[in-house]
Amino acid sequence: MDLHDFSLRQLREGLQKRDFSAQELTQTLLKRIHTLNPELNAFVTVTEAAALESAARADDRLAKGESGTLLGLPMAHKDIFCTADLPTTCGSKMLKNFVAPYSATVVERLAAEGMVMLGKLNMDEFAMGSSNETSYFGPVRNPWNTEMVPGGSSGGSAAAVAAGLVPVATGTDTGGSIRQPAALCGITGIKPTYGRVSRYGMIAFASSLDQAGPMARSAEDCALLLNAMAAHDPRDSTSHPAAASDFLRGLDRPLQGLRVGVPEEFFGEGLDPEVAAAVQVGIDQLAKQGASIQSIRLPNNPHAVSTYYVLAPAEASSNLSRFDGVRYTHRSSAVENLDDLYQQSRYEGFGAEVRRRILVGTYVLSAGYYDAYYLKAQQVRSLIREDFRRAFAEVDVIVGPTTPGPAFALGAKNADPVSMYLADIYTIAVNLAGIPALSLPCGFTQSGLPIGMQLMGDYFADDLLLNVAHRYQQETDWHLARPNLKAGEA
């Protein structure tokens with residue numbers, strides 16, 4: 001097995017045994033990135049020199065007997081996290097030349113663990129999209145079929161992990177942007193409980209919904225990364241005091257007695273039959289391990305998409321107002337006055353999808369429409385949250401499909417925004433409620449595209465989701481499948 005196929009645990013053991021050095025591992029992956037990235041377009045920035053320096057420091061620490069869990073292990077960040085003295089573009093022309101003066105808390109924490117950052121990963125512009133086609137730097141391609149989308153907005157992270165460019169990556173999830181691309185690329189990704197991972201230095205899209213999380217091939221690797229990412233951060237007012245935990249501790253707990261709820265609303269019209277069949281087999285596997293399965297209702301889930309596309313654009317309208325062409329963003333040169341500067345800079349700097357959401361958000365917040373749209377959406381959000389509260393009084397975990405279908409062709413949904421939005425129909429309610437959820441691979445379509453199964457848990461049940469996913473992956477091998485990519489000698 002080649003180094004790019006190793007799990008984090010295997011890489012850690014190899015470094016500790018001196019089977020290879022952090023520098024050798026880094027060079028191997030950098031070579032693979034240079035070979036495969038021109039086609040996949042997963043990386044927008046490759047930090048080769050800095051990565052090799054970081055790997056050399058890790059080797060020195062390992063030689064002195066240090067044994068940090070993540071020391072010397074490679075990773076990459078979604079380009080939504082500020083990284084000091086490096087470009088942070090958010091996939092937008094607006095920030096094409098922006099170099100962050102500080103690093104996000106997530107970046108700082110992983111660097112402190114001795115991880116080796118290989119670069120920044122492509123994403124939908126300002127995390128707005130479900131296919132990674134809205135990026136100013138061009139679309140990311142799915143490693144399983146490069147004519148297909150990888151999902152979004154963390155499509156660069158998902159594609160990079162699936163293709164073996166990095167073993168793990170960070171992502172962010174506002175309405176499914178970790179779980180949906182994880183499903184379409186055949187990897188594992190978890191959206192933690194809101195407040196579990198600091199949002200400081202993570203460029204905001206919708207502040208009450210955004211949450212950072214790990215993306216990897218397995219639940220165990222996600223747990224390893226989340227251990228370092230999750231902690232209380234006084235710089236983030238939404239960070240929870242009880243954010244930190246040991247997510248590895250309970251990974252091997254047996255599933256005997258686990259109560260699993262299957263929402264009726266997730267298996268109705270619009271679900272691809274191959275996805276439904278694969279998820280059902282996944283549920284049966286949980287039952288074989290001792291879980292009890294019961295049908296549940298989430299009656300307000302059908303309203304989640306429309307609720308989200310009122311609330312998220314409203315918050316985006318406010319958050320993105322700072323990008324005005326005056327300070328550190330794109331500035332138009334074809335202006336006659338100050339109003340022109342604002343209007344032209346924002347028109348040129350933002351892509352079509354971002355402009356659409358800003359306009360929608362501004363509209364629903366405007367006088368005369370606030371009560372009819374924004375306030376009503378907040379009320380429905382409360383109902384969705386209440387649905388989950390009732391459900392978790394009866395079950396421990398909720399299971400269903402992550403997406404209504406497998407990866408779709410590049411360009412297939414660009415002319416129909418509503419169809420694109422419905423790609424997140426099973427993921428959005430989780431963000432509105434603030435609960436944790438995880439996607440893991442559970443099969444393939446006849447055409448060879450990955451299928452994802454979603455696990456949802458109660459507040460701060462992140463460790464339970466990782467436990468269930470890990471036990472499932474102990475009995476199945478979907479997460480071990482690799483796309484057939486040719487990378488020369490890499």
Side-chain angles (χ1 to χ4, degrees), residues 37-38 41-50 77-104 107 119-140 152-156 172 174 177 201-207 210 312-366 410-411 414-415 417 420:
N37 195 61
N41 198 30
F43 277 82
V44 293
T45 302
V46 179
T47 53
E48 182 167 354
H77 285 293
K78 182 177 180 178
D79 202 22
I80 198 170
F81 294 97
C82 288
T83 44
D85 303 321
L86 291 171
T88 300
T89 71
C90 244
S92 179
K93 180 179 179 180
M94 184 63 83
L95 293 178
K96 182 178 69 169
N97 298 314
F98 174 61
V99 175
Y102 69 100
S103 288
V107 174
K120 307 291 289 292
L121 295 160
N122 205 347
M123 56 179 285
D124 277 311
E125 185 181 10
F126 286 101
M128 299 183 195
S130 301
S131 64
N132 221 140
E133 294 176 281
T134 69
S135 172
Y136 173 72
F137 302 99
V140 177
S153 65
S154 306
T172 62
T174 305
S177 290
M202 189 178 90
I203 296 174
F205 161 19
S207 302
D210 299 340
E315 295 187 27
S317 173
S318 174
N319 281 325
L320 271 63
S321 63
R322 75 193 73 177
F323 304 123
D324 54 13
V326 174
R327 287 159 288 191
Y328 46 78
T329 59
H330 169 77
R331 176 180 293 194
S332 175
S333 57
V335 298
E336 296 180 0
N337 52 47
L338 186 60
D339 285 344
D340 260 3
L341 174 66
Y342 293 150
Q343 293 171 11
Q344 286 300 116
S345 296
R346 288 169 66 80
Y347 180 81
E348 294 169 8
F350 291 135
E353 181 60 29
V354 174
R355 294 198 300 266
R356 179 185 293 117
R357 297 197 194 192
I358 290 173
L359 288 170
V360 169
T362 304
Y363 177 81
V364 300
L365 290 175
S366 60
L410 288 158
N414 288 348
M420 184 77 79

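Reckoned from all heavy atoms, side chains included, excluding hydrogens, waters and symmetry mates. Small disclaimer: the values here were computed from a predicted structure and weren't measured.
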Quiz item: Where do Cys82 and Thr88 come nearest, in terms of heavy atoms and distance?
Solution: CA-OG1, 3.6 Å
Quiz prompt | Distance-minimising heavy-atom pair for Gln344 and Ser332 | solution = CB-OG, 3.5 Å
Quiz item: Between Phe126 and Phe350, how do the two ring planes meet: parallel, tilted or perpendicular, split at 30° and 60°?
Solution: perpendicular
Quiz prompt | Cation-aromatic face contact Arg355/Tyr347, 6.0 Å, 45 degrees | solution = yes
Self-check item: Phe205 backbone acceptor or donor facing Asn319 side chain under 3.5 Å
Solution: yes
Quiz prompt | side-chain hydrogen bond (donor to acceptor under 3.5 Å, both in side chains) evaluation trace for Thr134 with Glu125 | solution = CA-CA 6 Å; Thr134 69; Glu125 185 181 10; 5.4 Å; no
Practice problem: For Phe43, enumerate each residue passing the ring-ring contact (aromatic ring centres under 6.0 Å, His included) test, keeping only those at least two apart in sequence or located in another chain. | Solution: none
Quiz item: Is the side chain of Asp124 donor-acceptor paired with the backbone N or O of Asn132 at a distance under 3.5 Å, no angle test?
Solution: yes
Self-check item: Closest heavy-atom pair and its distance - Leu320, Ala204
Solution: CD1-O, 3.8 Å
Practice problem: For residues Ser154 and Met123, determine if any side-chain heavy atom of one lies less than 4.5 Å from a side-chain heavy atom of the other. | Solution: no
Practice problem: Sequence neighbours left out, what passes side-chain contact (heavy atoms from CB on, under 4.5 Å) with Ala104? Give chain and number order. | Solution: Phe81, Val107
Quiz item: Do Ile203 and Leu95 have side chains that get closer than 4.5 Å, going by heavy atoms?
Solution: yes
Quiz item: With no hydrogens and no angle check, is any side-chain donor or acceptor of Asn122 less than 3.5 Å from a backbone partner on Ser135?
Solution: no
Practice problem: Check whether any side-chain heavy atom of Thr89 lies under 4.5 Å from a side-chain heavy atom of Lys96, and answer yes or no. | Solution: no
Quiz item: Quick one: does Lys120's side chain get under 4.5 Å of Pro87's, heavy atoms only?
Solution: no
Quiz item: Are side-chain heavy atoms of Thr329 and Ser345 found at a separation under 4.5 Å?
Solution: no
Quiz item: Do any N or O atoms from the side chain of Glu133 and from the backbone of Gly411 form a donor-acceptor pair under 3.5 angstrom?
Solution: yes
Quiz item: Counting distance only, does the side-chain N/O of Thr362 pair as donor-acceptor with the main-chain N or O of Ile358 below 3.5 Å?
Solution: yes
Quiz item: Distance-only, no hydrogens or angles: does the Arg331 side chain make a donor-acceptor pair with backbone N or O of Gly325 under 3.5 Å?
Solution: yes
Quiz item: Lys78 versus Ser153: any side-chain heavy-atom pair under 4.5 Å?
Solution: yes
Quiz item: Which word best sums up how the rings of Tyr328 and Phe98 line up, parallel for under 30°, tilted for 30 to 60°, or perpendicular for over 60°?
Solution: tilted
Exercise. Would you give the length of the straight line joining atom CD of Glu348 to atom OG of Ser333, rounded to the nearest 0.5 angstrom?
Key: 6.5 Å
Exercise. Might you point out which heavy atoms bring Lys93 and Gly349 nearest each other, and give the distance in Å?
Key: CB-O, 3.7 Å
Quiz item: If you measure from CG on Asp324 to CE on Met94, what distance do you get to the nearest 0.5 Å?
Solution: 8.0 Å
Exercise. Provide the closest heavy-atom pair for Phe323 versus Arg346 in the form atom of the first, atom of the second, distance.
Key: O-NH1, 2.9 Å
Quiz item: If you look at every heavy atom in Tyr342 and Val326, which pair is closest and at what distance?
Solution: CE2-CG2, 3.5 Å
Quiz item: Within a radius of less than 6.0 Å around CG of Asn337, do more than 12 heavy atoms belonging to other residues, nucleotides or ligands occur?
Solution: yes
Quiz prompt | 4.5 Å side-chain heavy-atom contact, Leu121 and Asp79 | solution = no
